Amino acid sequence: MKNWKPSAPTLLLMPAIIVLAAVVIVPLALSFYSSFTPFRLTRPETFYVFVGFRNYANLLSNWDFWIAFGRTVLLLTVALNLEMLLGLGLAMLVEKATRGQRLLRTLMMFPMMFSPILVGFQFKFMFNDNIGLVNNALQSLGLASDAIPWLIDGRLAFIAITTAEVWSSTSVFAILILAGLLAMPKEPIEAARVDGCTPWQTFRYVTLPFVMPFAYIAMTIRSLDVARAYDIVKIMTDGGPAGRTELLWTLVARTAYSDARMGLANAMAYFSILLSILFTVYFFRKLAAARNQIGAEW
């Protein structure tokens, strides 16, 4: 080691490597190791007891985990589809605007400026049984005679959480799809009109294939966000009522800190990463297929 002289690039990168190792690599390695132990926060000595794949095997028979897993997949599917449709419609409306388009693009990004915690508090107040804006509006319009228990009933609470997720992140789809619309050449649309295509046919066979790669990029980004959703659910329902809105990462946090079963919680977390990987691979394949289709047709 005395004769070892690091090169200048190595010396310049060394601080970043040390920080990255301390902040990311070391905690990641320790958490991965603890997933093979019965580590409990109340019993630190259990961190050194190796039990192999017992925690992962216990997950296979843990119904609470699988229900939370399925509920997360359901939220991801519903939220992504709604955000895709609303973002597409919003982007097309903004793209058609002849005046104030810059202002509209700025307003479209407004929901992204709120942190998930603030969005959770905002929608928790809006869906409050007694003083919430939603119930007051429904009762004022005569659409409901009694207060609707949005955050108490399991199905209604899931709808409220989905609404908060869609409101806060539809702009991601809208911005990326709008970028695709603005980058789209006008010649194919003009050719379709000359050939007698209807507006729907022009949208279906010309516009939509071109903007789908941008939509799949947004889906990839949002699938990672929704798969690890925690803040909004924690603030609005805390996984309740009776665990009916429990998602993967709220269950992981509850297992780790409320039950102090850190080893099992880390096993859940690493098993849950498979969900993010599967959706990421799926959307990347769809992105590649959409790009190939554009290259083949255009």
Side-chain angles (χ1 to χ4, degrees), residues 64 67-91 93-94 103-175 218 222-259:
D64 291 337
I67 291 174
F69 189 92
R71 191 177 290 117
T72 304
V73 174
L74 178 62
L75 175 64
L76 195 151
T77 304
V78 174
L80 286 186
N81 281 281
L82 288 176
E83 291 171 14
M84 163 66 184
L85 293 175
L86 294 174
L88 177 61
L90 188 59
L93 289 175
V94 173
L103 176 62
L104 291 175
R105 281 183 287 182
T106 303
L107 293 176
M108 194 167 57
M109 297 176 63
F110 188 70
M112 297 176 60
M113 302 177 186
F114 291 91
S115 68
I117 293 178
L118 186 58
V119 172
F121 278 115
Q122 174 184 338
F123 277 86
K124 184 178 182 179
F125 172 77
M126 290 177 61
F127 285 101
N128 185 275
D129 298 350
N130 299 317
I131 60 174
L133 177 64
V134 175
N135 274 340
N136 287 336
L138 292 176
Q139 291 175 347
S140 299
L141 294 173
L143 300 177
S145 57
D146 300 321
I148 301 175
W150 289 102
L151 301 178
I152 299 176
D153 183 87
R155 295 181 179 177
L156 295 178
F158 185 84
I159 293 174
I161 291 171
T162 305
T163 303
E165 284 283 349
V166 171
W167 180 87
S168 64
S169 301
T170 296
S171 53
V172 175
F173 282 83
I175 291 170
R222 283 294 297 145
S223 65
L224 297 176
D225 290 337
V226 179
R228 54 184 175 84
Y230 174 77
D231 308 72
I232 291 178
V233 181
K234 178 66 178 179
I235 296 300
M236 291 184 67
T237 63
D238 195 18
R244 294 182 181 177
T245 58
E246 193 86 272
L247 299 181
L248 277 176
W249 289 100
T250 57
L251 178 62
V252 169
R254 192 183 307 280
T255 304
Y257 300 109
S258 298
D259 301 340

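Please read these numbers as outputs of a predicted model, since none were measured by experiment.
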Completion exercise
Applied to residues 132-151, the ring-ring contact (aromatic ring centres under 6.0 Å, His included) test, sequence neighbours excluded, yields F127-W150

Between atom [atom1] of [X] and atom [atom2] of [Y], what is the distance when rounded to the nearest 0.5 Å?
| X | Y | atom1 | atom2 | answer |
| --- | --- | --- | --- | --- |
| M112 | I175 | CE | CD1 | 4.5 Å |
| N128 | N135 | CG | CG | 8.0 Å |
| L156 | I148 | CG | CD1 | 7.0 Å |
| L107 | M109 | CG | CE | 11.0 Å |
| T77 | L82 | OG1 | CG | 10.5 Å |

Problem - Test item: D231 side-chain N/O and I117 main-chain N/O as donor-acceptor pair under 3.5 Å - result: no

Exercise for the section: Check whether any side-chain N or O of T250 sits under 3.5 Å from a backbone N or O of Y230 as a donor-acceptor pair, and report yes or no. Expected result: no

Handout entry: Pairs where residues 113-122 contributes a residue and the test side-chain hydrogen bond (donor to acceptor under 3.5 Å, both in side chains) is met, not counting sequence neighbours
Key = none

Handout entry: Residue list, ring-ring contact (aromatic ring centres under 6.0 Å, His included) with W167, at least two apart or on another chain
Key = F114, F123

Handout entry: Residue list, ring-ring contact (aromatic ring centres under 6.0 Å, His included) with F69, at least two apart or on another chain
Key = W66

Identify, with sequence neighbours excluded, every residue that meets side chain to side chain contact (heavy atoms under 4.5 Å, CB included) alongside [X].
| X | result |
| --- | --- |
| L104 | V94, A97 |
| A137 | none |
| R254 | D238, E246, S258 |
| D64 | N62 |

Provide the closest heavy-atom pair for [X] versus [Y] in the form atom of the first, atom of the second, distance.
| X | Y | value |
| --- | --- | --- |
| N130 | N136 | O-OD1, 3.9 Å |
| G154 | P241 | N-CG, 3.9 Å |
| A147 | D129 | CB-O, 3.3 Å |
| A157 | T237 | CB-CG2, 4.0 Å |
| Q139 | S145 | NE2-O, 4.1 Å |
| V166 | E83 | CA-OE2, 3.7 Å |

Practice task
Flag yes if more than 12 heavy atoms outside R105 fall under 6.0 Å of its CZ atom; otherwise flag no.
Solution key: yes

Would you please name every residue forming a side-chain hydrogen bond (donor to acceptor under 3.5 Å, both in side chains) with [X], sequence neighbours left out?
| X | result |
| --- | --- |
| S168 | none |
| R228 | D225 |
| T72 | none |

Practice task
Sorted by first residue and then second, give each salt bridge (Lys or Arg N to Asp or Glu O under 4.0 Å) pair with at least one member in residues 137-165; sequence neighbours left out.
Solution key: E165-R222

Quick one: does [X]'s side chain get under 4.5 Å of [Y]'s, heavy atoms only?
| X | Y | answer |
| --- | --- | --- |
| L80 | L76 | yes |
| F173 | L88 | no |
| T170 | P111 | no |
| I131 | F125 | yes |

